[in-house]
Amino acid sequence: MERRTIGAATLDVGAIGLGCMPMSWAYTGSRQRGEESLRTVHTALDLGSTLLDTADMYGPFTNELLVGRALRERRPEAFVSTKVGLLVGEQHLVANGRPGYVRRACDASLRRLQTDVIDLYQLHRADPEVPVEETWGAMADLVAAGKVRSLGLCAVGGARSARRPGARPHDGRPHDGRPHYRRPHDRRLHDGTIRQLERVQQVFPVSAVEAELSVWSTEALDALLPWCAARGVGFLAAMPLGNGFLTGTLTPGGGFEPDDVRARHPRFTAEMMAANQPIVAGLRRVARRHGDGVTPAQVALAWVLSQGRHVVPVPGAKRARWAAENAGAAGLLLTAEDLAEVAGLPGAQGSWD
């Protein structure tokens with residue numbers, strides 16, 4: 001698989017990562033199987049998807065334990081990314097960025113992951129009661145101690161707006177480093193994240209930023225992605241398959257189990273899933289041009305890859321066959337015609353939050 005750089009030139013990963021969260025948390029609990037999840041991790045590593053993305057809050061803790069079981073056999077092949085800064089409470093999440101907590105949380109993650117070093121340690125959310133520089137300084141101390149190799153920041157949460165119809169599409173030319181869409185109404189979405197990034201950069205270099213980016217959620221293209229590109233910072237594209245919608249495998253009205261986050265998601269009501277089917281239909285048209293074995297999911301991932309050499313999509317998967325399908329997207333090269341068709345798809349309907 002093609003390799004891409006995360007921050008410093010010495011940190012390289014497979015072009016497609018593996019999001020491990022669905023194996024343990026937030027999606028359809030009845031379909032979570034430990035042994036199948038382990039096969040998924042091994043399949044991803046076999047195919048070159050070396051970046052394994054997890055967090056201490058997933059489970060909580062159980063996802064790191066699962067990833068640790070796989071790392072016990074294959075640590076040299078993996079690039080391990082985990083996160084700190086969020087605690088799971090009763091029906092809510094609490095940020096904790098106190099330096100002492102960060103140090104303890106890192107040691108606990110190292111034990112669960114069965115490794116002596118974390119390749120990328122990400123701040124999941126900044127604590128509003130602790131200056132982000134203090135939290136970041138504690139994380140930098142972990143690099144100095146040899147427990148962590150590099151630091152990353154997850155984008156600040158906020159209301160996401162759908163791409164409006166009429167957004168100026170990409171003109172069909174091969175990607176030149178500029179966003180494919182220009183939407184002034186979206187540009188402030190990541191202002192908070194960029195302010196945090198500029199503050200922590202003064203303390204210790206940021207190697208990667210993780211934020212949502214997909215065919216139906218393109219807001220990062222306006223300011224956040226260019227910010228990263230200009231500074232040699234890697235971009236980990238979270239939810240590049242739109243929480244599964246862009247795979248074309250979800251049936252409108254099929255419903256979700258109560259513990260699945262999509263059961264309460266405005267864009268996953270039967271009405272909105274039906275309304276957004278033209279997006280999937282467009283991905284299918286592009287896929288057909290590349291052969292019978294190409295899927296809408298692979299087109300969606302290839303589109304994310306086309307946004308820049310510093311971009312690494314991190315699709316979640318809990319089945320080995322899905323990890324294999326996702327990895328296959330690394331070899332799919334979209335043409336100018338393909339990019340123009342994806343850029344011209346209708347905007348996603350329905351609130352995101």
Side-chain angles (χ1 to χ4, degrees), residues 4-11 13 17 51 53 55 57 79 81-86 93 95-99 102 105-106 118-144 148-161 177-179 181-184 186-214 217-240 304 307-314:
R4 293 196 165 187
T5 298
I6 298 293
T10 55
L11 300 174
V13 298
L51 191 154
D53 188 63
M57 69 166 286
F79 182 97
S81 168
T82 193
K83 308 176 188 74
V84 67
L86 278 180
L93 302 175
N96 189 339
R98 294 189 295 273
V102 169
C106 179
I118 293 165
D119 295 302
L120 177 66
Y121 203 38
Q122 298 195 72
L123 179 58
H124 219 155
R125 287 292 182 274
D127 187 335
E129 298 183 2
V130 178
V132 69
E133 292 87 350
E134 291 186 17
T135 305
W136 200 256
M139 295 171 69
D141 289 342
L142 297 170
V143 178
V148 169
R149 289 198 173 102
S150 62
L151 302 183
L153 184 78
C154 293
V156 177
R160 306 173 184 90
S161 53
R178 294 174 296 175
Y181 301 96
R182 303 288 185 181
R183 297 176 314 288
D186 287 332
R187 289 192 176 188
R188 288 184 299 219
L189 176 66
H190 290 300
D191 280 0
T193 296
I194 291 174
R195 285 194 296 270
Q196 285 185 357
L197 286 165
E198 291 175 344
R199 289 171 62 184
V200 300
Q201 278 281 60
Q202 304 303 311
V203 179
F204 190 89
V206 178
S207 288
V209 173
E210 184 164 344
E212 184 174 359
L213 176 61
S214 71
S217 185
T218 61
E219 293 81 6
L221 298 180
D222 286 315
L224 187 57
L225 201 66
W227 189 97
C228 293
R231 293 159 179 81
V233 173
F235 186 93
L236 306 187
M239 292 178 277
V304 174
Q307 303 308 309
R309 290 280 308 161
H310 62 307
V311 179
V312 176
V314 188

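Position 1 is the first residue of the sequence; numbering continues from there.
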Tell me, do V132 and D127 make a side-chain contact under 4.5 Å, heavy atoms counted? no
Rounded to the nearest 0.5 Å, how far apart are CD of E210 and CG of L224? 11.5 Å
So, W136 side chain and F204 main chain: donor-acceptor pair closer than 3.5 Å or not? yes
Please report the closest heavy-atom contact between A126 and L123, naming both atoms and the distance. CA-CD2, 4.1 Å
Side-chain donor-acceptor contact under 3.5 Å, Q122 with S81: yes
Check the pair R195, V156 against side chain to side chain contact (heavy atoms under 4.5 Å, CB included), reporting the backbone distance first and the verdict last. CA-CA 10 Å; R195 285 194 296 270; V156 177; over 6 Å; no
Check the surroundings of atom CZ in R231: do more than 12 heavy atoms from other residues, nucleotides or ligands lie under 6.0 Å from it? yes
CG-CD distance between N96 and E129, expressed to the nearest 0.5 angstrom: 9.5 Å
Heavy-atom distance under 4.5 Å between the side chains of Q196 and L153, does that happen here? yes
Taking the side chain as C-beta and beyond, is there a heavy-atom pair between L120 and T82 under 4.5 Å? no
Atom pair CG/CZ of L86 and R125 - distance to nearest 0.5 Å: 6.5 Å
Distance col, row E212:CD vs C154:SG, nearest 0.5 angstrom, shows 12.5 Å
Nearest 0.5 Å, please: how far is CD1 in I6 from CZ in F79? 6.0 Å
Side chains of H310 and L225: does their closest heavy-atom pair fall under 4.5 Å? yes
Does some side-chain heavy atom of M57 sit less than 4.5 Å from a side-chain heavy atom of H124? yes
Over all heavy atoms of both residues, which pair between A237 and V304 is shortest? Give the atoms and the distance, please. CB-CG1, 3.6 Å
Less than 4.5 Å apart, any side-chain heavy atom of L51 and any of L236? yes
Hey, are the side chains of V203 and M139 touching, using non-hydrogen atoms and a 4.5 Å cut-off? no
Is any side-chain heavy atom of S150 less than 4.5 Å from a side-chain heavy atom of Y121? no
If you measure from CG on L151 to OG1 on T135, what distance do you get to the nearest 0.5 Å? 11.5 Å
Between I118 and C106, what is the shortest heavy-atom contact and its length? CD1-SG, 4.2 Å
Report yes or no: do E219 and S217 form a side-chain donor-acceptor pair below 3.5 Å? yes
Taking all non-hydrogen atoms of both residues into account, name the closest pair between E198 and Q202 and its distance. O-CG, 3.4 Å
Considering residues at least two apart in sequence or located in another chain, which fulfil the salt bridge (charged side-chain N to carboxylate O under 4.0 Å, His left out) criterion with E134? none
Heavy atoms only: give me the nearest S214-P240 pair and the separation to one decimal. CB-O, 3.4 Å
Tell me if a side-chain donor or acceptor on R4 pairs with a main-chain N or O of V311 at a distance below 3.5 Å. yes
